[in-house]
Amino acid sequence: MTSTISLHNLVKKFGNTGKEVTAVDDLNLEVEEGTITGLLGPNGAGKTTTIQMILDLITPTSGTIKIFGLDMKHHREEILNKVNFSSPYVSLPSNLKVWENLYTFARLYGVADIKDKVNELADFFAIRDLLPRMTATLSTGQLTRVNLTKALLNDPKLLLLDEPTSSLDPDIADRTRKLLLKINKERGITMLYTSHNMEEIEELCDRVIFINKGKLRDQGTSSELISKYGRKDLNEVFLAIARDEI
Amino acid sequence: MKFYRIKALIIRQLYLYPRSFPRLMDVFFWPVLELLVWGFLSVYLEKLNLNSVNIASILLGALIFWELLNRSQNAVTIAFLEDVWEKNLLNIFVTPVKLVEFVTSTVFLGLVRIITQGVILGFIAWLLYQFNVFQFGLYTIPFIISLLLFGWILGIFVVAIILRYGTTAQVLAFGIIFLVQPFSAVFYPVSALPTVLQYVAYILPSTYVFEGMRTIIATGTLPLMPMVISFALNVVYLVLVMWFFYAMFRVVKKKGLLLKLDQ
Ligand SMILES: Nc1ncnc2c1ncn2[C@@H]1O[C@H](COP(=O)(O)OP(=O)(O)OP(=O)(O)O)[C@@H](O)[C@H]1O
Ligand SMILES: [Mg+2]
């Protein structure tokens, strides 16, 4: 198996020397091609910071990041053309219509047949009727699906999802997970996924990586970790790791 | 640089105009109002017949060129702020868009806005006050280009500051131009300034345009040197401001502010 993401001795310190916060502390991890990997940890563990470093939105203090075996410095355009990102904390412009937003991002990625691509994905996420609406008028669940549509416009090989289901009702969250599983299976898209919902992680992720205070705590499949620590479910494992019990 | 990405960023902004009244006001209404006020003032001054100098021409010329500089800076800054207000910066920068493409798109948008405004203001000034922008002949073109350039430079500077210091620095977006105004000798000659401030005036590319404009009205000719200096200054500042912008962006990525800026 080849690694889609590999992080090597990754460190991120914020703030000035003396009173600095170490958000990511010597992190080494691999995300294998075609898998859905859960990046777990309590609030402030360093998940978002890690994802933003992978996307080249935050510069690491030290360490290396390889995506598709390439480094961002020399292959930024090549990498970002095949990566996408979605999170409820980053919205699409609310003052544009849904199709205008999608067309814009399709153009930014140099998609060849924009109309076909948008329609295909709109059908997939059942948002065809939302295309002429103003983005501002969408509900959170609708917005999530539009965001995911945006995230697939460039046929990414790697999708980074930061708490994509955090503000969804159980029904829409469930549908979203099914859609994510479907695109993972059908399109072989590698995903790095963060969530605080352990049930969802068990359902969705092939592997999970636990971090706390920026450090890697453990990794493996959900069932491996559950049996390794003799807990009832992944939630219990999470609590134990978050409370430094294991 | 990829042209299709610049185009994408431009089209996106153009979607906004037809449906946004405040945006259209910003492009058309305020500049026209301002022109009317100053236009009628100059007509009045003309009537007073203070002396032989063509006051109306001086004021109207100054005003139109000033608006050009002001609007050019504003357009760049506003185009960028749209993304900040809409929390869209992160989405933009996870695409392969390069900084220089991003800047180019805002500058181009500024250009489109300016050309539209310039045509309208020029037309109204001619219609109401028989003021011909092209009375300065071919000099009008270097005047316009120099002011546009300086406007972009100021605009990019403000954008870099907002990136770095967040939306609280927005006041700068609308204020910086008024820091430049007193020193640019817009409505009065440089000689009216105290000596110390005259030095400040001469490091601004815009000063040479406004001085030049008055020279033409007074003498009918324009020495070449001031315009050369104006352009040379612009080139120096453009290099500096791009360097500054990249430096600020590096700081922003180091401090992880791209996400915070949106909030
Ligand atoms: N731009 C920043 N400047 C300073 N400190 C930051 C910045 N971004 C994050 N941090 C700090 O780094 C640490 C990790 O934050 P991060 O957002 O990566 O956590 P997280 O795992 O995503 O948490 P959550 O589950 O709450 O989303 C926290 O202590 C946070 O306060
Ligand atoms: Mg987070």
Side-chain angles (χ1 to χ4, degrees), chain A residues 12-16 21 23-24 48-49 51-61 75-97 99-112 114 134-136 147 150-151 153-154 156 160 162, chain B residues 1-24 78-102 104-105 163 246-263:
Chain A
K12 181 64 198 178
K13 294 183 173 148
F14 287 112
N16 305 322
V21 178
V24 174
T48 298
T49 306
I51 286 184
Q52 306 256 333
M53 284 195 283
I54 293 171
L55 287 166
D56 193 37
L57 298 169
I58 292 180
T59 315
T61 306
H75 302 274
R76 183 176 184 274
E77 193 171 342
E78 198 177 338
I79 294 171
L80 290 180
N81 256 321
K82 285 291 155 209
V83 174
N84 217 317
F85 165 76
S86 176
S87 167
Y89 60 70
V90 187
S91 52
L92 292 167
S94 59
N95 53 10
L96 288 181
K97 292 183 177 150
W99 71 265
E100 291 170 339
N101 267 320
L102 294 175
Y103 273 47
T104 297
F105 283 95
R107 285 192 196 103
L108 283 174
Y109 285 110
V111 171
I114 294 177
M134 286 301 281
T135 308
N147 269 321
K150 172 244 136 187
L153 283 170
N154 60 331
L160 300 156
D162 202 356
Chain B
M1 268 232 280
K2 288 271 177 7
F3 180 68
Y4 67 83
R5 291 198 290 255
I6 299 173
K7 197 172 123 198
L9 292 171
I10 292 168
I11 296 176
R12 159 194 73 135
Q13 297 253 4
L14 293 182
Y15 284 141
L16 294 170
Y17 281 87
R19 72 171 76 105
S20 165
F21 189 61
R23 266 183 206 88
L24 287 177
I78 297 279
F80 165 77
L81 280 174
E82 297 273 8
D83 279 323
V84 176
W85 290 328
E86 290 298 327
K87 304 181 196 251
N88 193 36
L89 270 191
L90 229 69
N91 274 326
I92 300 277
F93 285 112
V94 299
T95 73
V97 165
K98 295 197 177 82
L99 269 190
V100 59
E101 295 165 347
F102 186 74
T104 308
S105 79
L163 258 176
Y246 274 84
M248 285 297 118
F249 200 73
R250 268 199 302 278
V251 174
V252 163
K253 276 168 67 174
K254 208 172 141 227
K255 292 186 175 281
L257 299 176
L258 266 182
L259 183 58
K260 313 283 175 219
L261 188 72
D262 287 354
Q263 285 159 358

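Just so it is clear: chains get the letters A, B, ... in the order the sequence lines come, proteins before strands, and each one is counted from 1. Keep in mind that this is a model prediction, so the values were computed, not measured.
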Atom group of [X] that falls short of 4.5 Å from chain B, counting heavy atoms:
{"X": "A:E77", "value": "both"}
{"X": "A:F14", "value": "side chain"}
{"X": "A:T48", "value": "side chain"}
{"X": "A:N101", "value": "neither"}
{"X": "A:K97", "value": "both"}

For chain A, find which of [options] contributes the most heavy-atom pairs closer than 4.5 angstrom.
{"options": "B:E101, B:K7, B:K255", "answer": "B:K255"}
{"options": "B:I92, B:V94, B:V97, B:I6", "answer": "B:V94"}
{"options": "B:A8, B:G256, B:P96", "answer": "B:P96"}

**Request:** Kindly assign one of parallel, tilted or perpendicular to the pair B:F102 and B:F93, based on the angle between their ring planes and the thresholds 30° and 60°.
**Result:**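 Rings of B:F102 and B:F93: tilted, as their planes differ by 30° to 60°.
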
**Message:** Parallel, tilted or perpendicular, judged at 30° and 60°: which one describes the rings of A:W99 and A:Y103?
**Reply:** perpendicular

**Request:** For each of A:E78, A:K13, A:M134, tally heavy-atom pairs with chain B at distances under 4.5 Å, and name the one with the top tally.
**Result:**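 Most heavy-atom pairs within the cutoff with chain B belong to A:M134.
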
**Asked** If you count heavy-atom pairs under 4.5 Å with chain B, which of A:L57, A:I58, A:L55 comes out on top?
**Response**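 Going by pairs under 4.5 Å, I would pick A:L57.
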
**Message:** Can you confirm if the NZ or CZ of B:K253 lies within 45° of the ring axis of B:F249 and under 6.0 Å from the centre of its six-membered ring?
**Reply:**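 Judged by the rule (NZ or CZ under 6.0 Å from the ring centre, within 45° of its axis), B:K253 is not positioned above B:F249.
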
**Request:** Show the numbers, then the answer: is there a salt bridge (charged side-chain N to carboxylate O under 4.0 Å, His left out) between B:R12 and B:E86?
**Result:** CA-CA 13 Å; B:R12 159 194 73 135; B:E86 290 298 327; over 6 Å; no

**Message:** Measuring only between side-chain heavy atoms, which start at C-beta, is B:V84 closer than 4.5 Å to B:L89?
**Reply:**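 SC-SC contact between B:V84 and B:L89 confirmed.
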
**Item:** Side chain proximity check, B:W85 to A:N95, heavy atoms < 4.5 angstrom
**Value:** no

**Asked** Is it true that a side-chain atom of B:E82 and a backbone atom of B:Q13 form a donor plus acceptor pair closer than 3.5 Å?
**Response** no

